[in-house]
2 protein chains.
Amino acid sequence: MKNEKDKIDLADANFPTAKHATLADVARHANVSAMTVSKVLRGVGSISKDTRARVKASAEALGYVTNGIAGALSAKKNTTVGIVIPSISDSVYSEIISALSDSLTEAGLTLLISESNFSGQIEERQIRMIMSLRPAALIVTGGIERSISAEKLLKRYPAPILQLWDADNPFGDATIGPSHLQAGRIAAEHFLKSGLNKIAYVGAELSKDICARLRLEAFRERLAEENIALECFVDEASPRQAASGETLVNQMISSGYKPNAIFFLNDSMALGGLRALLKYGIKVPDEVSVLGFNGTSRLNTVQTQLTTISMDRRAIGTTAGVALRAILDGKKPEKIPPTKLHILSGTTG
Amino acid sequence: MKNEKDKIDLADANFPTAKHATLADVARHANVSAMTVSKVLRGVGSISKDTRARVKASAEALGYVTNGIAGALSAKKNTTVGIVIPSISDSVYSEIISALSDSLTEAGLTLLISESNFSGQIEERQIRMIMSLRPAALIVTGGIERSISAEKLLKRYPAPILQLWDADNPFGDATIGPSHLQAGRIAAEHFLKSGLNKIAYVGAELSKDICARLRLEAFRERLAEENIALECFVDEASPRQAASGETLVNQMISSGYKPNAIFFLNDSMALGGLRALLKYGIKVPDEVSVLGFNGTSRLNTVQTQLTTISMDRRAIGTTAGVALRAILDGKKPEKIPPTKLHILSGTTG
DNA sequence: TTGAAAGCGGTACCAG
DNA sequence: CTGGTACCGCTTTCAA
C-alpha cells in the first residue's frame with residue numbers, strides 16, 4: 001500500500017470513484033475552518049447567514065456525506081441500534097422489526113439487524129459483532145436459551161438494553177412483548193368454555209423455544225385444574241413449520257388417538273395439521289377444534305380461516321421504538337405491560 | 001459534561017456499567033504495549049507464545065470487546081454492508097435478506113438493513129444515512145423509482161454496489177434477481193397453452209413498482225402477439241395485498257366482466273381474488289384460471305394451492321452474498337444470469 | 001519480537 | 001461569530 005496523501009481533487013468531485021470529501025475539503029472550498037463547517041452541517045453554534053450559505057453550497061458541490069464513523073468515535077455517540085432476532089424471514093419477527101425500524105428512522109437511528117436462528121451460540125457471536133460497533137442501544141429477543149457469557153456481555157454494556165417477545169422473563173431496561181403463559185391460559189380457556197375435554201398439543205423444537213414451552217406449560221396447567229390430561233405430539237428434530245404439523249397429526253391419527261381439540265405451537269404448524277385432518281375426512285371444528293398461535297396465516301388463506309391467538313405485532317415494534325427513544329433521551333424506563341393477546345376467531349374452532 | 005479522564009478501573013471490570021475496556025487497558029493489564037495487544041487480538045504479526053497467552057488472558061479478564069468504530073476509522077476498512085429494501089416485513093425480501101445475512105455473517109460482515117417503503121424519497125434518505133457509516137458495500141433493490149440524486153450518490157460511492165431483484169435494469173457492479181419481463185411472458189404462455197383467451201390482470205400501486213409494470217408489460221405484449229386483448233383492473237391507491245385483490249375482483253365481476261384467466265400482481269392479491277371468485281360461486285380453475293407471482297403463499301394454505309410463478313428467493317440472497325464477497329476480495333464482478341423462474345402448479349389453473 | 005509515533009475524520013472546549 | 005487544539009481508540013509504518 002502506498003502512503004501518499006491523496007486528498008480529494010476538487011475538479012474530480014464528480015468522478016465516480018473519487019474518494020470521500022472530508023470536512024477539511026469542504027472547509028478549504030468554502031474558505032473557512034473545519035470547525036465552522038462541522039457546526040454549520042450539524043446546525044449548532046451561531047454562524048453568520050453568509051458563511052452558512054457558502055458552506056452548504058460547498059458541501060453540496062463536493063457531494064459531502066458526513067463520516068458517521070469518525071463522528072461516533074469523536075463524540076462517543078452512535079446512531080446505530082443493534083438487534084438480534086431469531087429469524088429475519090419469520091413474519092412474526094419481521095413485522096416487529098419493520099415497525100421498530102420506522103420508529104427509529106424517525107429519530108435518525110439506523111438498525112443493525114442480525115439473526116440467531118434460535119441458537120444461543122450464534123446469538124452470542126452476533127451480540128459480540130454488533131457490540132464492537134458500539135451501538136447506542138441493543139435489543140435482543142427473549143425465548144431462546146441465551147448463553148451465560150452473552151448475558152454477562154449484555155449486562156455490562158454501558159447503554160440501554162431492551163428485550164422483545166418474552167414478557168414472562170423480563171431482561172434489561174425494558175421488555176416488550178406478550179406473556180406466553182397468558183397465551184397458554186387463553187388457549188385452555190378457549191377450549192374449556194366449549195366443553196372440550198380430549199385435548200392434544202402439537203409442536204416441534206421445544207428445546208429451542210422457551211416461549212413455546214411457556215405456552216404449553218400454562219396450557220397444561222390450566223387443563224390440569226379441570227382434571228383434563230393433555231396429550232403431546234412433539235418432534236424435537238423437525239422445524240416448526242407446516243410440514244411438521246402435517247406429519248405429527250398424521251402420526252397422531254394413525255396411532256388411533258383422536259382428540260376433540262388441538263392447540264398448535266404456531267399458525268404454520270396448525271395449517272399443516274389442518275391439511276392432515278382434512279385428508280382423514282375429519283370435520284373441523286365439528287369433530288376437532290383447532291387453535292393456532294400468532295395470527296400470521298390469516299391473510300394468506302383462501303377459505304379456511306384458522307382460529308388463532310393473535311396480537312398486534314407492529315405495535316410491539318413501535319412501542320419498543322418509542323420506549324427506546326425515551327430512554328435514550330434520558331427518561332428512565334417505565335414498566336411496559338405485556339402486549340395484549342386475543343382470540344381471532346375463524347372457522348376452525 | 002465533565003471532561004475528566006475516567007479510564008476503566010480494573011477492579012471494576014465486572015461492574016455492570018463499567019466503561020469499555022480499551023486496547024490500552026488490556027495492554028496495561030498484560031504489561032505490554034497497545035500495539036502488541038492489537039496484533040495478538042487480530043492474529044497478525046509474530047508474537048511470542050508467551051505474550052500471546054498473557055494478552056489473551058488479560059483481554060478475557062477485562063471483558064474486552066474490540067471497538068470496530070475506531071478500527072474502521074483507522075484502517076479505513078469497515079465490516080458492515082448496507083442494504084435498502086422496499087419492505088422488511090414482506091417475505092419476498094425478508095427471505096432474500098435472511099440468506100444474504102447468513103452468507104455475510106460467515107465472512108464476518110454485518111448487515112445494516114433499512115426499508116424504503118417503495119418510496120424513492122425515503123430510499124434516498126436511507127442511502128444517505130447508511131453511507132455516512134461508510135459500509136464496505138451497498139446493496140439496493142431495483143424496481144422502485146430511484147431519485148436522480150440517490151443514483152448519483154450511489155455512483156460515486158467508492159465501494160461495491162449491488163442491486164437486487166430487477167434483472168431487467170442492471171445497476172452497479174452486479175444485479176441479482178429474476179427478469180420480470182420473462183415472468184410476464186411465462187404467465188402469458190401459461191394461459192396460452194391452455195387455450196385461454198379472455199384474460200384479465202389485477203394489480204395495485206403500479207406506479208411504485210417498476211417490476212410489476214415490467215411483468216404486466218411483457219404479459220400484455222405476448223398476448224397481443226396472439227391478438228388477445230388484456231383487461232386490467234388496477235387500483236393505484238390500494239396496497240398490494242389480499243384485501244385489494246378481493247375488492248378488485250368483486251368490482252370486476254359485478255361490473256359484468258368475467259374472464260377465463262386472471263394474472264395477479266402477486267400471491268397475496270391472488271388469494272384475495274380467489275376469495276372473491278369463490279364467493280360468487282365461480283369455479284376455479286374450471287371457469288377462471290388464476291395465476292399469482294412469487295410463490296409465497298404456498299406454505300400457508302390449507303386446501304387451495306395457488307398456481308404461481310416462483311423462484312428460489314434464498315438463492316438470490318446467497319448468490320448476492322457470494323458475489324459480494326468475491327468482489328470484496330478483489331475479484332472482478334462476473335455477470336450473473338437472471339434468477340430462474342418456474343410455474344409452481346397448484347389447483348387454481 | 002516489540003513498541004513509539006503519526007494519523008483516520010470528526011467533535012468538545014476554549015480563546016480570540 | 002470563528003477557529004486552534006487536543007483528543008476518541010485503533011491501525012499502519014518503521015525503528016529498535
Side-chain angles (χ1 to χ4, degrees), chain A residues 1-8 19-55 58-59 62 64-79 131-134 136 158, chain B residues 1-8 19-55 58-59 62 64-79 131-134 136 158:
Chain A
M1 297 279 151
K2 302 292 187 52
N3 190 20
E4 335 157 354
K5 269 272 203 240
D6 38 15
K7 278 286 168 197
I8 187 171
K19 298 280 176 302
H20 290 286
T22 69
L23 223 41
D25 292 322
V26 179
R28 219 168 301 144
H29 190 253
N31 250 306
V32 292
S33 75
M35 246 350 283
T36 304
V37 178
S38 170
K39 282 176 189 153
V40 170
L41 262 25
R42 281 178 301 151
V44 304
S46 42
I47 307 285
S48 78
K49 210 169 173 182
D50 187 54
T51 18
R52 185 190 309 283
R54 224 172 52 251
V55 167
S58 297
L62 298 183
Y64 177 76
V65 176
T66 192
N67 185 333
I69 299 285
L73 179 61
S74 171
K76 296 163 159 223
K77 251 184 242 170
N78 204 145
T79 59
M131 256 186 198
S132 76
L133 268 15
R134 301 289 191 269
Chain B
M1 297 280 153
K2 301 294 188 52
N3 190 22
E4 335 157 354
K5 268 269 203 239
D6 38 14
K7 277 285 165 197
I8 187 173
K19 299 277 175 302
H20 290 287
T22 68
L23 221 41
D25 293 321
V26 179
R28 219 166 299 143
H29 190 252
N31 250 306
V32 292
S33 75
M35 248 346 289
T36 305
V37 178
S38 170
K39 283 178 190 153
V40 170
L41 264 25
R42 280 179 303 151
V44 304
S46 44
I47 307 286
S48 78
K49 209 169 171 180
D50 188 57
T51 20
R52 185 192 310 282
R54 225 173 49 251
V55 166
S58 298
L62 298 183
Y64 177 76
V65 177
T66 192
N67 185 332
I69 298 287
L73 180 60
S74 173
K76 297 169 157 213
K77 251 184 240 168
N78 204 144
T79 60
M131 257 187 197
S132 76
L133 269 14
R134 300 291 190 266

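For the numbers below, each heavy atom of this structure counts, side chains included, while hydrogens, waters and symmetry mates do not. First the proteins, then the strands, lettered A, B, ... as listed; each starts at 1.
The side chain of A/Ser74 places no N or O atom within less than 4.0 Å of a non-bridging phosphate oxygen (OP1 or OP2) of C/dT11. For the OP1/OP2 pair of C/dG3 and a distance below 4.0 Å, the side-chain nitrogens and oxygens of B/Thr36 include at least one atom meeting the criterion. OP1 and OP2 of C/dG9 both lie 4.0 Å or more from every side-chain N or O belonging to A/Tyr64. Side-chain N/O atoms of B/Thr51 include one lying less than 4.0 angstrom from OP1 or OP2 on C/dT2.
With a 4.5 Å cut-off on side-chain heavy atoms, B/Arg134 and A/Val65 count as touching. Within the 4.5 Å cutoff, side-chain heavy atoms of A/Ile69 are placed close to those of B/Asn78. Inter-residue side-chain proximity for B/Val32 and B/Val37 is flagged as met; some heavy-atom pair is nearer than 4.5 Å.
The separation between A/Lys77 atom NZ and C/dT11 atom C1' is 9 Å, rounded to whole Å. Distance, A/Arg134 CZ to D/dG9 C1': 9 Å, rounded to whole Å. Distance, B/Leu23 CG to D/dT11 C1': 9 Å, rounded to whole Å. Rounded to whole Å, the distance from CG on A/Leu73 to P on C/dC8 is 13 Å. In this structure, the CG atom of B/Asn31 is 16 Å from the C1' atom of C/dT1, given to the nearest Å. Here the C1' atom of nucleotide C/dG7 and the CD1 atom of A/Ile69 are 17 Å apart, to the nearest Å. A/Arg52 has its CZ atom 9 Å from the P atom of D/dT2, to the nearest Å. Rounding to whole angstrom units, CE of residue B/Met35 and P of D/dA15 are separated by 16 Å.
Nearest heavy-atom pair, A/Ala27 versus A/Ala34, reported as atom, atom and distance to 0.1 Å: CB-N, 3.6 Å.
Within residues 37-48 of chain A, the residues having any heavy atom under 4.0 Å from DNA chain D are, by residue number, A/Lys39, A/Ser46, A/Ile47, A/Ser48.
Defined by atom type and a distance below 3.5 Å, a donor-acceptor pair is missing between the side-chain atoms of B/Ser58 and B/Arg54.
In this structure, the side chain of B/Ser74 does not engage the main chain of B/Gly71 through any donor-acceptor pair within 3.5 Å. Put simply, the side chain of B/Arg52 never gets that close to the backbone of B/Val40: no donor and acceptor are under 3.5 Å apart.
Mapping B/Ala70 and B/Val32 onto DNA chain C by nearest heavy atom places B/Val32 closer to the 5' end of the strand.
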